[in-house]
Amino acid sequence: MSKALSDVLREWMPHQRWFGGKGREWADVTEDGFFLSRSEPVLSVHRVRVTYADGGGETYLVPLSWRAHPDEELSSAFVGAVPAKGADGEDRENYCYDAMRDRDSTPPWLAHLVSASTVGPMHFHPAGAATIPEGVPGDVVSTEQSNTSLVYGQDAIFKLFRRLEPGLNPDVEIGEALRRTDNPYIAPLLGYIEIDEDGAEPATAAMLQTFVRGASDGWRLATASVRDLYAEGDLHADEVGGDFAADSERLGSATASVHADLARVLDTEPADREWFAATARAMTDRLESALAVVPQLEEHLAGLRAIYTAVADSPEEVVRQRVHGDFHLGQVLRTATGWVVLDFEGEPARPLAERRQLDSPLRDIAGMLRSFDYAARHMLVEQPDDSQRAYRAQEWAVRNRGAFCAGYSAASGIDPCGDSPLLRAFEADKAVYECVYEARNRPNWLMIPLQSLTRLAAGAG
Ligand SMILES: Nc1ncnc2c1ncn2[C@@H]1O[C@H](COP(=O)(O)OP(=O)(O)O)[C@@H](O)[C@H]1O
Ligand SMILES: O=P(O)(O)O[C@H]1O[C@H](CO)[C@@H](O[C@H]2O[C@H](CO)[C@@H](O)[C@H](O)[C@H]2O)[C@H](O)[C@H]1O
């Protein structure tokens with residue numbers, strides 16, 4: 001027997017990668033929808049409001065494509081069957097599919113952006129004089145996590161934000177600001193979509209960005225370099241074929257260029273004593289809540305508190321500005337000509353308002369330094385007692401962290417990696433965040449940030 005759409009969604013949504021309420025009991029679900037295309041296959045978009053038995057709730061964006069008969073080729077995208085009336089008044093069923101995985105339903109997103117449409121509560125904004133491809137289907141990106149992305153040909157990538165939050169998404173806000181700077185290290189924004197939310201600021205529903213062709217991500221390249229080093233038992237990091245230091249240096253200068261443009265076109269403010277005190281407090285709070293998830297943090301408590309107190313006690317000369325916020329090797333792409341920085345959304349677990357606050361660029365430096373550490377040590381997860389490998393991992397991390405800082409320093413005139421209590425605290429804070437992330441997502445990787453905390457708390461890099 002077929003069910004109402006909200007019941008169908010209740011069964012289907014918990015199995016989707018992007019659904020954040022896994023394991024929580026649903027108290028209620030309501031949905032409202034509108035049509036983006038009425039020609040075959042019909043495309044509708046639904047705001048699905050889920051409330052949980054343990055309190056709170058979330059609103060998700062769910063595009064669906066509709067067919068009068070089941071489509072075998074789309075079976076993996078099948079959502080459910082919903083009762084309908086035929087033209088003759090007969091009772092029948094309509095079959096709905098995940099529209100992001102139904103290629104025939106992907107062109108309308110681009111067509112509406114080109115014509116800057118408003119459809120129901122949804123507003124389509126093309127960016128400036130952007131050339132938006134039209135009439136091509138989009139293929140879903142398989143690495144999807146909290147969002148769902150489509151690649152249109154080799155030209156554009158469309159990212160649907162599944163969870164709706166009031167306010168402009170920082171990825172769009174920063175993309176829109178940087179688009180006007182001609183910065184060579186970003187993928188220009190081509191457009192974005194907003195959706196009205198009752199009684200609140202509109203939420204960002206999606207964005208369209210230039211697709212970076214023929215690129216590899218930094219994590220893949222860095223870890224290939226580490227594997228090369230491990231394979232060459234007697235050679236040092238600067239002697240093996242896959243040495244990454246020149247790329248790390250170029251990544252440092254690309255980062256400096258992006259930071260400089262962000263400071264040029266968006267707000268800045270000198271950091272005052274209160275900001276240092278508030279930052280130290282926020283880090284201490286994060287540590288306290290992380291303890292509940294990762295009890296192993298207990299042994300680092302005293303060391304970490306001392307690192308955070310040093311921030312409040314010795315304010316440095318720092319300018320606050322918009323930053324990337326979740327900068328790591330997985331967020332940068334290497335093309336034939338250089339690096340491109342992606343995903344200015346900030347840490348996914350933070351509330352949107354927090355992610356839009358001004359911060360020190362050292363936050364990003366710390367993120368990338370942590371990432372070099374991760375790349376160097378992730379293979380030690382399988383061989384934790386291999387001291388020779390541990391030694392070589394440290395050598396690789398030191399070399400590439402140094403090269404990244406040298407590149408940043410040469411491009412900006414500011415050495416980001418000097419003896420700064422703030423940088424050290426940001427590294428420690430990121431490692432605490434990573435402990436929680438790993439405990440929840442990849443428990444066997446938890447040792448990576450935990451071991452870094454041992455080194456950081458002991459005053460080593
Ligand atoms: N502009 C782009 N050009 C090429 N590839 C991209 C672009 N933006 C994102 N990607 C790739 O698409 C995948 C998904 O990216 P993203 O949507 O940022 O993931 P998430 O937000 O889930 O971390 C990643 O593998 C990323 O490298
Ligand atoms: O890319 P996301 O915005 O989803 O970031 C989250 O996931 C990252 C892992 O994919 C996580 O990054 C951590 O692991 C990376 C290696 O997989 C490493 O390069 C990073 O330095 C490390 O922080 C990130 O923290 C999390 O927010």
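Here, residue 1 is the first one in the sequence, and each next residue gets the next number. Whatever order the structure lists ligands and atoms in, that order sets their numbers, starting from 1. Being a predicted model, the structure only gives us computed values, none of them experimental.
- Ligand 1 lies nowhere less than 4.0 angstrom from a heavy atom belonging to D217.
- At under 3.5 Å, not a single nitrogen or oxygen of L342, backbone or side chain, sits near a nitrogen or oxygen of ligand 1.
- Between W18 and Y60, the ring planes are tilted. Angles from 30° to 60° get that label.
- Shown in contact with K159 at under 4.0 Å from a heavy atom are these atoms of ligand 1, numbered in order with element: 16 (P), 17 (O), 18 (O), 21 (O).
- The aromatic ring centroids of F404 and F372 lie less than 6.0 Å from each other.
- Scanning the protein for heavy atoms near atom 4 (O) of ligand 2, the closest one is Q145 OE1, 3.4 Å.
- Using a 4.5 Å heavy-atom cutoff, the side chains of E438 and L450 are not in contact.
- Taking the side chain as every heavy atom from C-beta outward, R356 and R350 never approach each other to under 4.5 Å.
- When the heavy atoms of S371, G218, S146 are ranked by distance to atom 19 (O) of ligand 2, first place goes to S371.
- Checked against the 6.0 Å centroid criterion, the rings of W339 and F327 do not qualify as a close aromatic pair.
- Counting only non-hydrogen atoms, the option in Y437, W219, W445 that gets closest to atom 10 (O) of ligand 2 is Y437.
- Annotation for ligand 1: atoms under 4.0 Å from non-hydrogen atoms of A187 are 1 (N).
- The shortest contact between atom 15 (C) of ligand 2 and any protein heavy atom is with R442 NH2, 4.0 Å.
- Ligand 1 places these atoms under 4.0 Å from at least one heavy atom of S149: 17 (O).
- Seen from the ring of W445, R442 counts as a face-on cation partner, given the 6.0 Å and 45° thresholds.
- Using a 4.0 angstrom heavy-atom cutoff, Q331 counts as in contact with ligand 2.
- Using a 4.5 Å heavy-atom threshold, the side chains of W109 and L160 count as touching.
- Side-chain contact between H378 and W219 is present, with heavy atoms from C-beta onward closer than 4.5 Å.
- In terms of N/O distances under 3.5 Å, ligand 1 is not approached by Q331.
- Panel note: side chain K430, backbone D326; no donor-acceptor pair is recorded below 3.5 Å.
- The closest heavy-atom contact to atom 23 (O) of ligand 2, among the options H328, E345, E434, comes from E434.
- Between R370 and ligand 2, not a single N/O pair is under 3.5 Å apart.
- Nearest to atom 25 (O) of ligand 2 among the protein's heavy atoms is Y433 CE2, 3.3 Å.
- Remark: Y308 pairs with no residue by the ring-ring contact (aromatic ring centres under 6.0 Å, His included) rule, at least two apart or across chains.
- Atoms of ligand 1 found under 4.0 Å from any heavy atom of Q209, numbered from 1 in the order shown, are 1 (N), 8 (N).
- The closest protein non-hydrogen atom to atom 5 (O) of ligand 2 is D326 OD2, 3.2 Å.
- For the side chain to side chain contact (heavy atoms under 4.5 Å, CB included) with I157, the qualifying choice from V151, T210, L342, L190 is V151, the only one to do so.
- Taking every heavy atom of L333 and a limit of under 4.0 angstrom, the matching atoms of ligand 1 come to 3 (N), 4 (C), 5 (N), 27 (O).
- With I157, N147, D155 as candidates, the residue nearest to atom 10 (N) of ligand 1 on a non-hydrogen basis is I157.
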